[in-house]
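Keep in mind that the numbers below use all heavy atoms, side chains included, and drop hydrogens, waters and symmetry copies. Not measured: the values here are computed from a predicted model.
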There are 2 protein chains.
Amino acid sequence: MDERQALTSFAALSQETRLAIVRTLVVAGPDGLAAGLIAERMGVSPSNVSFHLKELERSGLIAQRRESRSIVYSASYDALAELVKFLMEDCCAGHPVIREGVQRSDGCCKPDPARNEGDVVA
Amino acid sequence: MDERQALTSFAALSQETRLAIVRTLVVAGPDGLAAGLIAERMGVSPSNVSFHLKELERSGLIAQRRESRSIVYSASYDALAELVKFLMEDCCAGHPVIREGVQRSDGCCKPDPARNEGDVVA
DNA sequence: TCCATATTTCAATAATCCATGAATCATTGA
DNA sequence: TCAATGATTCATGGATTATTGAAATATGGA
């Protein structure tokens, strides 16, 4: 991920509705959600959600596909991972303290003892 | 980190000059850099850098201290780690795929065998 | 105290972003 | 083809953000 894309990704995530959309789509999974459903869940107008969805798509954080009459949006897991990576690398570059802080506190980066071979960290 | 702070942090990082400042301060380390030096390195006017520094401080990503005539800014590693964590948790919540992607590709989350006890973390 | 340095604050302007509602486009089924 | 559905686009107005240069504030040394 280049800086330009990171900037637009950060901009995309800096708006309440858009952050909520991304969180919702991440939870929704690869099947995604139709624009109308998203608008309903967010409690915003169709044209407004369309505006934000376009912004998110421009950043690459979500993808769209047409499905009959609906346009279905889904989270781009790759882009999200790339963004985390970008942030981590910038941080790690200067100070390992940060990545340690991340690894330590939430279990997200900690190797899960329950998981077996094929684990990423191993 | 609550959502409100994540939003302002993303907003802070969504501006080219500010992202550059953060990267520079992370590399600079805990000693930080004086505002004037930052302005010089970024190639922007003192008043403009002051505007952006205030924005970054408001988000909590950097901290300031006075040192004689200078005001010295430094990266807030805690806040940066919290932000990465926020992004990771939101991602991980819905899809482990993302954290896997992050862990796998850059070695940032991999424990470094070369490092020995007494490293920053200890 | 007076001056120079380092930085911020302020005011004004330009630029960008967000919300709204009307109009338009694409798809489906009668 | 016509009407209905689902969604986007467009134009507008209001709000926030960014840039600039001048003025103000704080510190340290002569």
Side-chain angles (χ1 to χ4, degrees), chain A residues 3-25 28 31-76, chain B residues 3-25 28 31-76:
Chain A
E3 175 168 323
R4 188 61 43 191
Q5 199 183 345
L7 283 170
T8 68
S9 295
F10 287 136
L13 295 177
S14 71
Q15 208 282 337
E16 195 166 4
T17 302
R18 286 195 296 260
L19 180 58
I21 291 174
V22 170
R23 297 173 93 160
T24 301
L25 289 182
D31 286 352
L33 291 173
L37 263 179
I38 300 173
E40 197 181 337
R41 288 208 198 172
M42 302 300 140
V44 303
S45 73
S47 82
N48 186 245
V49 91
S50 192
F51 168 77
H52 288 305
L53 287 170
K54 196 171 67 174
E55 207 69 7
L56 283 168
E57 217 215 344
R58 202 170 59 85
S59 79
L61 291 176
I62 69 174
Q64 72 168 190
R65 66 176 190 276
R66 180 174 279 278
E67 202 147 294
S68 176
R69 264 181 266 202
S70 300
I71 294 188
V72 176
Y73 288 88
S74 54
S76 169
Chain B
E3 176 169 323
R4 189 62 41 194
Q5 199 183 345
L7 284 169
T8 68
S9 296
F10 288 137
L13 294 177
S14 71
Q15 207 281 338
E16 194 167 5
T17 302
R18 287 195 295 262
L19 180 58
I21 291 174
V22 169
R23 299 174 93 159
T24 301
L25 289 183
D31 287 352
L33 291 173
L37 262 178
I38 300 173
E40 196 182 335
R41 287 209 199 170
M42 301 301 140
V44 303
S45 73
S47 82
N48 186 247
V49 91
S50 191
F51 168 79
H52 288 306
L53 288 170
K54 196 170 68 174
E55 207 68 9
L56 282 168
E57 216 214 345
R58 201 170 62 83
S59 80
L61 292 176
I62 68 174
Q64 70 169 189
R65 66 177 192 274
R66 178 173 280 278
E67 203 149 293
S68 176
R69 265 182 267 201
S70 299
I71 294 188
V72 175
Y73 288 88
S74 55
S76 168

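For the pair A/Tyr73 and D/dT8, the criterion of a side-chain N or O lying under 4.0 Å from OP1 or OP2 is met. Contact between the side-chain N/O atoms of A/Ser68 and the OP1/OP2 oxygens of C/dT28 is found at a separation under 4.0 Å. Side-chain nitrogen and oxygen atoms of B/His52 include at least one within less than 4.0 Å of the OP1 or OP2 phosphate oxygen of D/dT19. The phosphate of D/dT16 has neither OP1 nor OP2 within less than 4.0 Å of any side-chain N or O from B/Gln15. Between A/Arg66 and the phosphate of D/dA7, there is no side-chain N or O to OP1/OP2 separation shorter than 4.0 Å. Between B/Arg69 and D/dT25, a side-chain N or O to OP1/OP2 separation shorter than 4.0 Å is absent. Between C/dA19 and A/Asn48, a contact under 4.0 Å exists linking OP1 or OP2 to a side-chain N or O.
Rounded to whole Å, atom P of C/dC17 lies 18 Å from atom CZ of B/Phe10. The distance from atom CD of A/Glu55 to atom P of C/dA19 is 11 Å, rounded to the nearest whole Å. Going from atom CZ of A/Phe51 over to atom P of D/dA15 covers 16 Å, rounded to whole Å. As a whole-Å value, the separation of B/Arg65 CZ from D/dT27 P is 16 Å. Whole-Å rounding puts the A/Ile71 CD1 to D/dT9 P distance at 8 Å. Taking atom CZ of residue B/Arg58 and atom P of nucleotide C/dT9, one finds them 13 Å apart after rounding to whole Å. For the pair A/Leu56 CG and D/dT8 P, the computed distance is 12 Å after rounding to whole Å. Following rounding to the nearest Å, A/Ile38 (CD1) and D/dG6 (P) show an atom-to-atom distance of 14 Å.
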Can B/Glu16 and B/Arg18 be said to form a salt bridge (Lys or Arg N to Asp or Glu O under 4.0 Å), step by step? CA-CA 5 Å; B/Glu16 194 167 5; B/Arg18 287 195 295 262; over 6 Å; no
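A/Ser70 comes within 4.0 angstrom of the backbone, heavy atoms only, and of no base. In this structure, B/Ser47 reaches the bases: a heavy-atom distance under 4.0 Å links it to at least one base atom across the strands shown. A/Ala34 comes within 4.0 angstrom of sugar-phosphate atoms only, judged by non-hydrogen atoms across all strands, and of no base.
Distance check, rounded to the nearest 0.5 Å: CD of A/Glu55 to OG1 of A/Thr8 gives 8.5 Å.
Under a 3.5 Å cut-off, the side chain of A/Thr24 and the backbone N or O of A/Ala20 do form a donor-acceptor pair.
Between B/Leu61 and B/Ser9, the closest side-chain pair of non-hydrogen atoms falls below 4.5 Å.
Counting only heavy atoms from C-beta on, B/Arg18 has its side chain closest to D/dA18 among C/dT8, D/dA7, D/dA18.
Checked for salt-bridge contact, A/Lys54 and A/Glu57 miss the test: no charged N lies under 4.0 Å from a carboxylate O.
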